[in-house]
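A short worksheet on the structure shown next.
Here the structure is a predicted model, which is why all the values come from computation and not from measurement. A note on names: the letters A, B, ... follow the listed sequences, proteins ahead of strands, and every chain is numbered from 1.
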Amino acid sequence: MRGSLYMARRETMAEQERYEESHLYRLRHSAAHVMAQAVLEKFPEGKIAIGPPIEKGFYYDFDLPRPLTPEDLEEIEARMREIIAEGHDFVYQEVSEEEARRIFADQPYKLELIDDILSAGTDEYGEPLEETPRLSIYKSGPFVDLCRGPHVNNTREINPDAIKLLSVAGAYWRGDERRPMLQRIYGTAWETSEQLEQYLAWQEEVERRDHRKLIKQLDLISFHEEGGAGLAYWHPKGGCIRQIIEDFWRAEHAKGGYDIVFSPHIGKAELWERSGHLDFYKDSMYSPMDIEGVEYYLKPMNCPFHILMYKTRTRSYRDLPLRWAELGTVYRYERSGVLHGLLRVRGFTQDDAHIFCTPEQIEDEILRVLRFSLDLLRAFGFTEFQVYLSTMPEKHVGEPQRWKQAQESLRKAIEAEGLSYDVDEGGGAFYGPKIDIHVKDALGRTWQLTTIQFDFNLPERFDMTYVGEDGKEHRPYMVHRALLGSLERFFGVLVEHYGGAFPVWLSPVQVVLIPIADRHVEYAHSVAEQLKAEGLRVEVDDSGERMQAKIRDAQMQKVPYMLVIGDREMEAGQVNLRLRDGRVPGAMSVDAFLALVQEAVKERHLL
RNA sequence: GCCCACGUAGCUCAGUCGGUAGAGCACACCCUUGGUAAGGGUGUGGCCAUGGGUUCAAGUCCCAUCGUGGGCUCCA
């Protein structure tokens, strides 16, 4: 569904369970069946795959003789309403293997599912089953589906005014790109038409806030066909915001005990071999370049460089922890189809850091990073977080006992912060466990930004050591962390969170002065100079437009403060304030306005 | 990468059945000097994404490439 690709898929376990037991869930599942019936009536030779409820609706995958058009969707939707009105009961029935195979004899995808359920013990979505496999079907009218349910009792329980088919998309059978490409119809279904309306209005709001539109409208960032896909160009206003973010980030890191480092953009193949990237990450790296007969690669990560710096001298336990941060620009190959505005690009700058410490220090360090991260995110206006702890996967490097210690320190840190979290068993990288933090934006969508990862692999590969109290060499712990994630993605999320109306401290233009007539221009400039001298970002709209048009322009650029200046203001040495949200506090002295803005900047207020 | 759709002026979009391009905004100039979301006029601006093909004739039909969108998969 639109936008969901970059949102966190996982809801918390509790939410997920609640949803699966809800009436809404059954209703959507039932709507999917009704849709499949409508599609099969239209394409009797069509093959059906799977059709589950999803977060805000449902989908069903089909193998059809021709691509579906928007007109087809309308037709199918209309037919769904008729089917609903026909009032079919949803009838559950357990069937034997033979029966099932007979019923779905001309449905190859269902036959494959039957095989899987019986042999591999998985359900129709490929998830493992706990009990002994049982085959069941649901009938509604002429439509029969291999299905575990649950469903509503009768199609009439589906509100015909609260369903809508949304889009058609390609989807591989079982998500495997070697399998056939199916056509997936996405739909949404609700209890009432009001809820549907509400959902559609929410969708419109999502579109209004789409960062891809806003970065263009607000002249922040562009992409260029002739420059290459997935490569962002930061215009002066976008650059202004980025610089504010970076300056703030650097200042906070200095306070947080980090040192700032810089590293090159390319490195020898030898380095990437040693780090293992050419083994396990090559698919994401660009082709090497030849420099005097030696292969060099553009960096997809910063870690090997930081390790080289670590190894320039013998490190003592007294030196640790080292916290080295870098706004490191990396390049990763992404398949063309996955690029998406600023949220998925090929070149981006990570707010990266590596922490090298002793095993004794690790717990404190993790807690420290976690706190630091939450504080940083809060400063940008995010207040709700979801935390995920990912543990040791089957394929891993490093001793289980180190993993255990690492996981424990992660868990303790999360608990010390009083955060609730979900554990993703076996979801860690092969080189270490991790904490991911997802933030909730103004529209309630979640985005993964922060990742804090242990790395048991690189210290081994590079034979990193420090001299302990005992005078012997020890292996340091290494933690890799990115808090904002990447500046590109973070910026995209920020734009959508604020709908382009940034808080004052981040606004590229904080104040626009609007002289009413030409005779007010000079005074407007003198006020502008005063404000600029105080460090504000100010523009004077001295174009020949009328005041109304100037206000409109400033509104559309989402400038927080507009100062209208006419005869009255000039005479009294004042400014007349209008806010971006439409409020008009009115005339005040320049000093009073200044105090107001400075307060808003300092407190990082919206206005 | 794969499936589907789309690509016309700086931006947002029209363009019928194939007959060699339109609007609004923006921009420039002129008139207007106006109190809280668009004053009026004139004008500039397009190798219809790129390359091939079909045709007497292609923005329009076909193929390829590049880019964008909705998804699949993957990730910061």
* **ring pair (Phe, Tyr, Trp, His ring centres under 6.0 Å) involving A:Phe348 - partner list, sequence neighbours excluded** =>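 If we apply the ring pair (Phe, Tyr, Trp, His ring centres under 6.0 Å) test to A:Phe348, skipping adjacent residues, there are no hits.
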* Among A:Lys237, A:Lys558, A:Gln557, the one residue meeting side-chain contact (heavy atoms from CB on, under 4.5 Å) with A:Val509 -> A:Lys237
* Asked: Is the NZ or CZ atom of A:Lys395 both under 6.0 Å from the centre of the six-membered ring of A:Phe430 and within 45° of that ring's axis?
  ->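 Yes - A:Lys395 lies over the ring of A:Phe430, closer than 6.0 Å to its centre and within 45° of its axis.
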* Asked: Looking at A:Phe385, does the NZ or CZ of A:Lys440 lie under 6.0 angstrom from its six-membered ring centre and within 45 degrees of the ring axis?
  ->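 Not flagged: A:Lys440 not positioned over aromatic ring of A:Phe385.
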* Would you list the pairs meeting ring pair (Phe, Tyr, Trp, His ring centres under 6.0 Å) in which at least one residue belongs to residues 538-558 of chain A, sequence neighbours left out? =>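 Found none.
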* How about A:Lys56 and A:Tyr199: do any of their side-chain heavy atoms sit closer than 4.5 Å? -> yes
* Asked: Which pairs, with at least one residue in residues 369-381 of chain A and sequence neighbours excluded, count as a side-chain hydrogen bond (donor to acceptor under 3.5 Å, both in side chains)?
  -> A:Arg371-A:Glu417, A:Ser373-A:Thr450, A:Asp375-A:Arg378
Enumerate all atom pairs, one protein N or O and one N or O from nucleotides 62-69 of chain B, separated by less than 3.5 Å.
{"residue": "B:C66", "atom": "O2", "partner": "A:Glu225", "partner atom": "OE2", "Å": "2.9"}
{"residue": "B:G69", "atom": "OP1", "partner": "A:Arg212", "partner atom": "NH1", "Å": "3.1"}
{"residue": "B:G69", "atom": "O3'", "partner": "A:Arg212", "partner atom": "NH1", "Å": "3.3"}

* Asked: If you pin A:Arg184 and A:Leu449 to their nearest nucleotides in RNA chain B, which one's is more 5'?
  -> A:Arg184
* **Upstream residue (5' side of RNA chain B) when A:Thr451 and A:Glu177 are each assigned their closest nucleotide** =>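 Counting from the 5' end, the first nearest nucleotide belongs to A:Glu177.
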* RNA chain B: stems of at least 3 consecutive Watson-Crick or G-U pairs whose donor-acceptor distances fall under 3.5 Å -> B:1-7 with B:66-72, B:10-13 with B:22-25, B:27-31 with B:39-43, B:49-53 with B:61-65
* Asked: Do the side-chain N or O atoms of A:Tyr59 get closer than 4.0 angstrom to the phosphate oxygens (OP1, OP2) of B:G70?
  -> no
* B:C74 phosphate, OP1 or OP2: any side-chain N/O from A:Tyr333 under 4.0 angstrom? ->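 Answer is no, no contact under 4.0 Å.
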Nearest-Å distance, [atom1] ([X]) to [atom2] ([N])?
X        : N     : atom1 : atom2 : result
A:Met301 : B:A76 : CE    : P     : 7 Å
A:Ile516 : B:U33 : CD1   : C1'   : 10 Å
A:Leu579 : B:U36 : CG    : P     : 16 Å
A:Met556 : B:U36 : CE    : P     : 18 Å
A:His354 : B:A76 : NE2   : P     : 12 Å
A:Asp63  : B:C4  : CG    : P     : 13 Å
A:Asp61  : B:U73 : CG    : C1'   : 14 Å

What does [X] touch in the nucleic acid at a heavy-atom separation under 4.0 angstrom: a base, only the sugar-phosphate, or nothing?
X        : answer
A:Arg519 : sugar-phosphate
A:Gly175 : sugar-phosphate
A:Val330 : nothing
A:Asp351 : nothing

Considering only heavy atoms and no angle criterion, is a donor-acceptor pair shorter than 3.5 Å present between the side chain of [X] and the base of [N]?
X        : N     : value
A:Glu334 : B:A76 : yes
A:Tyr172 : B:G1  : yes
A:Asp176 : B:U73 : no
A:Arg489 : B:C75 : yes

* To do: Count the heavy atoms belonging to other residues, nucleotides or ligands that lie under 6.0 Å from NZ of A:Lys282, then report whether that count exceeds 12.
  =>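 12 or below, so no.
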* Asked: Taking the six-membered ring for Trp, are A:Trp272 and A:His277 parallel (under 30°), tilted (30 to 60°) or perpendicular (over 60°)?
  ->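 Perpendicular: the ring planes of A:Trp272 and A:His277 meet at over 60°.
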Not counting sequence neighbours, which residues clear salt bridge (Lys or Arg N to Asp or Glu O under 4.0 Å) with [X]? List them please.
X        : answer
A:Asp352 : none
A:Glu569 : none
A:Glu539 : none
A:Asp210 : A:Arg212

At a cut-off of 3.5 Å, list every protein nitrogen or oxygen paired with a nitrogen or oxygen from nucleotides 9-13 of chain B, distance to 0.1 Å.
{"residue": "B:U12", "atom": "OP1", "partner": "A:Lys216", "partner atom": "NZ", "Å": "3.1"}

* P-based separation of B:G1 from B:A58 [nearest Å] ->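 B:A58 and B:G1 have their P atoms separated by 31 Å.
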* If you measure from the P atom in B:A5 to the same atom in B:G43, how many Å do you get, rounded? -> 42 Å
* Taking only residues two or more places apart in sequence, or in another chain, which ones meet A:Arg28 in a side chain to side chain donor-acceptor pair (under 3.5 Å)? ->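 So A:Arg28 forms a side chain to side chain donor-acceptor pair (under 3.5 Å) with A:Tyr19.
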* To do: Give a yes or no on whether a salt bridge exists between A:Arg481 and A:Asp455, defined as a side-chain N under 4.0 angstrom from a carboxylate O.
  =>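 The answer is no: the pair does not qualify as a salt bridge.
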Would you tabulate the nitrogen or oxygen pairs shorter than 3.5 Å linking the protein to nucleotides 39-44 of chain B?
{"residue": "B:G39", "atom": "OP2", "partner": "A:Arg546", "partner atom": "NH1", "Å": "3.1"}
{"residue": "B:G39", "atom": "O4'", "partner": "A:Arg546", "partner atom": "NH1", "Å": "3.3"}

